[in-house]
Number of protein chains: 2
Amino acid sequence: MKKVTINSVASYAGVSKKTVSRVLNNEPNVSDATREKVLKVFKELDYTPNPIARGLAQNRSFIIGCIYDNPSKSYITRVQTGALAACQENNYNLLIHPCDLRGDALISNIEHLLQSSRLDGLVLTPPFSDFKVLVDFLKSKKIPYARVASAVLEDESISVRSNDEQGAFEITEHLINLGHKAIAFIKGHPDHSATEQRFKGYRRALSTHGIEFNERLVEEGNFSYHSGVDSARSILDLTPRPTAVFASNDYMAAAVLKLATQRQLKVPDDISIAGFDNAPIARHIWPGLTTIAQPVEEMTQQAVNKLIEHISEPQEQPYQVTLEARLITRESTAQIKP
Amino acid sequence: MKKVTINSVASYAGVSKKTVSRVLNNEPNVSDATREKVLKVFKELDYTPNPIARGLAQNRSFIIGCIYDNPSKSYITRVQTGALAACQENNYNLLIHPCDLRGDALISNIEHLLQSSRLDGLVLTPPFSDFKVLVDFLKSKKIPYARVASAVLEDESISVRSNDEQGAFEITEHLINLGHKAIAFIKGHPDHSATEQRFKGYRRALSTHGIEFNERLVEEGNFSYHSGVDSARSILDLTPRPTAVFASNDYMAAAVLKLATQRQLKVPDDISIAGFDNAPIARHIWPGLTTIAQPVEEMTQQAVNKLIEHISEPQEQPYQVTLEARLITRESTAQIKP
DNA sequence: CGACATTATGACACCGGTGTCAGGTTTGAA
DNA sequence: TTCAAACCTGACACCGGTGTCATAATGTCG
């Protein structure tokens, strides 16, 4: 088994390698007869072009980088799934790059990544989607990028998000419709723009339904299970105890559920609990968590697809899309007891 | 900002590009004076070699592929973490490739992957670590590979595993020591070698402690949460009901816990539950699951490190390591009620 | 001090593709 | 029928490194 290169194809087909290259890239100005002849040789010799050589000639790597810093494994996996789907469609590869850095260290880390891997583009996932320094840096280096689930940052680029504010509104409204008025809220990590969005949705629902906002019912979390435990403790210690808790993600909601159960509280009879994200844990525990499902895979796939399109033929106009989130009701929320 | 290539470095330093290349690769036969001069220019011009060009010249990609088909997101993330750590140490990149295929389709899928991405090596994670056809295929194509968490397949290559049989033995023994005799067992996916290993450990513990093996207490699962629900139903319906359940992984154990709780059973008072893997869910639920922790990241990191080493300088002797698993006791198991 | 081994260096081809451009052929309109 | 425009094709340089080999400089030893 010896290597099949463009040269062997060319000599076998009796044409120049440039012509073979033309066929490979679907370029015009090749007669149908020649094209077919070459295509046949492709099959006969089982030829696959060498992406490395191609990359060298065109100064591209056909690799997209995906950077993240997220405590939720399921979220990361979903992001990867979407990104991989888009990459495979376009014969790109995906390079994953977890990084738990902020500020200057982040920039130099990314700079090193770009230098050493020659990425063609970068996908930014939360919380990086909203890091202005990073976006500015990429812009100055002229590195194409796409942002997933960004909420606040105004930027003329590719961005696919879902409507966190609306999702939070709906789930809060769901609790209100069940008769709850004292609804505690656990915030997410301050670096994530979703944190602010979800909080906004919560407040909008309260005000829409004429419920006064009570600051004492709000706890600061950071999306981690552990932070949920701390917040849960504070909330469950309140007197009077709130009749419902809306945590900004499912891990923190699970923490509330765990602590409540430990304290012999019945969920949802004694207290309703809602989360956000529809992480696997939401349906793996009892009672299952009422939550908001976002189309994470689809968001990422769209973002990466657009990114790759943009790399091939740079476009001026931005691409900004917002997909809908969806309320999923499970057993953790119920009508308030009279 | 223009590109810094080996040519610019060479002319700036007043040497040939071959000499620069020598310095880059730490080759001998460069005088100290020259070496230092070139190194200084590296810094001054902030030069980073182009991995693509290097790859073309040496016919390598500096990319390791990692294939998996595993329902557990946390397991996948842990594998990735370990693999990435090893790759970064060695200036390699990691290409992830989920694939849910069996048999011929798998082979042709992998073949396509290898052809189109020119991977330098492949990391096989369960269940692929024990797929003989795949291993044979890679051997015939002379693609370097390393296997993570393989248990059964005898193969002269790189393999890092943990002791599943011993882990299962210990956790079963733990239950026995708590006074349990009727211990149900839920098997994993039949394609995974861990399934058989864990079952073996369970049986060995029983026989070591003179408890007769009872086939009716064994259920077939497949590591998914959903399969755990089905198995849990059968087990909880048994009369007399077993006093303990050992599920082959934490997701299935979580399913047992959920169903038991739904049925108003108290865990661990009415029934003890144990899992395997120490997945995040094991400590996110109440009561926390007693389980076995494996050093997944370390296993993968070692495997990838050895693989990269092997790629640079092919070695004859195999590398086979077994790391220890560790029992973690939480609230889901307790002394049997008299 | 001369003969030979060793070390240091560079010229040049090469990896497997793509971009540029020139030259030949076909097409179509006058 | 003629000539310009459009189409097809290949020669050749190039991308940014590495491998081979020749040659120059230095070191070693009798």
Side-chain angles (χ1 to χ4, degrees), chain A residues 2-39 41-42 45-63 91 114-120 311-313, chain B residues 2-39 41-42 45-63 91 114-120 311-313:
Chain A
K2 60 174 178 300
K3 272 182 302 186
V4 181
T5 73
I6 199 171
N7 288 297
S8 37
V9 172
S11 66
Y12 195 89
V15 297
S16 74
K17 62 183 210 175
K18 177 66 217 188
T19 299
V20 176
S21 166
R22 286 197 181 92
V23 175
L24 260 184
N25 297 285
N26 271 312
E27 284 175 34
N29 299 341
V30 179
S31 71
D32 290 351
T34 310
R35 189 180 298 273
E36 258 180 68
K37 190 169 55 181
V38 174
L39 286 173
V41 177
F42 281 175
L45 301 187
D46 191 21
Y47 169 70
T48 319
N50 184 331
I52 309 214
R54 232 204 275 226
L56 179 59
Q58 301 190 136
N59 195 26
R60 350 209 252 136
S61 61
F62 297 96
I63 295 179
N91 277 311
L114 292 171
Q115 287 230 339
S116 63
S117 299
R118 312 277 158 151
L119 304 178
D120 289 347
I311 290 168
S312 319
E313 37 196 297
Chain B
K2 59 175 177 300
K3 273 183 302 188
V4 181
T5 74
I6 198 171
N7 288 297
S8 36
V9 173
S11 66
Y12 195 89
V15 297
S16 75
K17 62 184 211 175
K18 178 65 217 190
T19 299
V20 177
S21 166
R22 286 196 180 93
V23 174
L24 259 183
N25 296 285
N26 270 312
E27 285 174 35
N29 297 342
V30 180
S31 72
D32 289 351
T34 310
R35 189 180 298 274
E36 257 180 68
K37 187 169 57 182
V38 173
L39 286 173
V41 175
F42 281 176
L45 302 186
D46 191 21
Y47 168 71
T48 319
N50 184 331
I52 308 213
R54 230 206 275 228
L56 179 59
Q58 300 191 136
N59 196 26
R60 353 208 250 135
S61 60
F62 297 95
I63 294 178
N91 277 311
L114 291 171
Q115 286 230 339
S116 62
S117 299
R118 313 277 159 150
L119 303 178
D120 288 347
I311 290 168
S312 319
E313 35 197 298

Identify, between A:K17 and A:D32, the residue whose nearest nucleotide on DNA chain D lies closer to the 5' end.
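This one resolves to A:D32.
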
DNA chain D: A:N29 or A:K18, which has the more 5' nearest nucleotide?
A:N29

Side-chain N or O of [X] versus OP1/OP2 of [N]: is the shortest distance under 4.0 Å?
{"X": "B:T19", "N": "C:dA8", "answer": "no"}
{"X": "A:K3", "N": "C:dG16", "answer": "yes"}
{"X": "A:Y47", "N": "C:dG16", "answer": "no"}
{"X": "B:S31", "N": "C:dT9", "answer": "yes"}

Output, in order, the C-alpha distance, side-chain angles, deciding distance and verdict of side-chain contact (heavy atoms from CB on, under 4.5 Å) for A:Y47 and A:L24.
CA-CA 11 Å; A:Y47 169 70; A:L24 260 184; 3.7 Å; yes

Protein-nucleotide distance ([X], atom [atom1]; [N], atom [atom2]), rounded to Å:
{"X": "A:Y12", "N": "C:dG16", "atom1": "OH", "atom2": "C1'", "answer": "20 Å"}
{"X": "A:I52", "N": "D:dC14", "atom1": "CD1", "atom2": "P", "answer": "23 Å"}
{"X": "A:L56", "N": "D:dC15", "atom1": "CG", "atom2": "C1'", "answer": "4 Å"}
{"X": "A:E27", "N": "C:dG17", "atom1": "CD", "atom2": "P", "answer": "14 Å"}
{"X": "B:Q58", "N": "C:dG16", "atom1": "CD", "atom2": "C1'", "answer": "15 Å"}
{"X": "A:R35", "N": "D:dC8", "atom1": "CZ", "atom2": "C1'", "answer": "11 Å"}
{"X": "B:N59", "N": "C:dA13", "atom1": "CG", "atom2": "P", "answer": "22 Å"}
{"X": "B:N25", "N": "D:dG19", "atom1": "CG", "atom2": "C1'", "answer": "11 Å"}

To the side chain of [X], which of [options] is closest?
{"X": "B:R54", "options": "C:dG10, C:dG19, D:dG17", "value": "D:dG17"}
{"X": "B:L24", "options": "D:dT9, C:dT18, D:dG17", "value": "D:dG17"}
{"X": "B:S21", "options": "D:dT18, C:dG17, D:dG16", "value": "D:dT18"}
{"X": "A:S16", "options": "D:dG10, D:dT18, C:dG17", "value": "D:dG10"}
{"X": "A:R22", "options": "C:dC21, C:dG16, C:dT9", "value": "C:dC21"}

If you look at every strand shown and take non-hydrogen atoms under 4.0 Å, does [X] touch a base, only sugar-phosphate, or nothing?
{"X": "A:N7", "value": "nothing"}
{"X": "B:P28", "value": "nothing"}
{"X": "B:V20", "value": "nothing"}

Verify side-chain contact (heavy atoms from CB on, under 4.5 Å) between A:Q58 and B:I52, making sure each step is shown before the conclusion.
CA-CA 11 Å; A:Q58 301 190 136; B:I52 308 213; over 6 Å; no

Search all heavy atoms of A:S61 against all heavy atoms of A:L119 and return the closest pair with its distance.
OG-CA, 3.7 Å

Using every non-hydrogen atom in the two residues, find where B:A13 and B:V41 come nearest and quote the distance to one decimal.
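For B:A13 versus B:V41, the nearest heavy atoms are CB-CG2, 3.7 Å.
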
Within this structure, what is the NZ-CG distance for the pair B:K3 and B:N50, rounded to the nearest 0.5 Å?
8.5 Å

Rounding to 0.5 Å, atoms CZ (A:R54) and CG (A:N25) come to a distance of 5.0 Å

By nearest-heavy-atom nucleotide on DNA chain C, the more 5' of A:A53 and B:V15 is B:V15

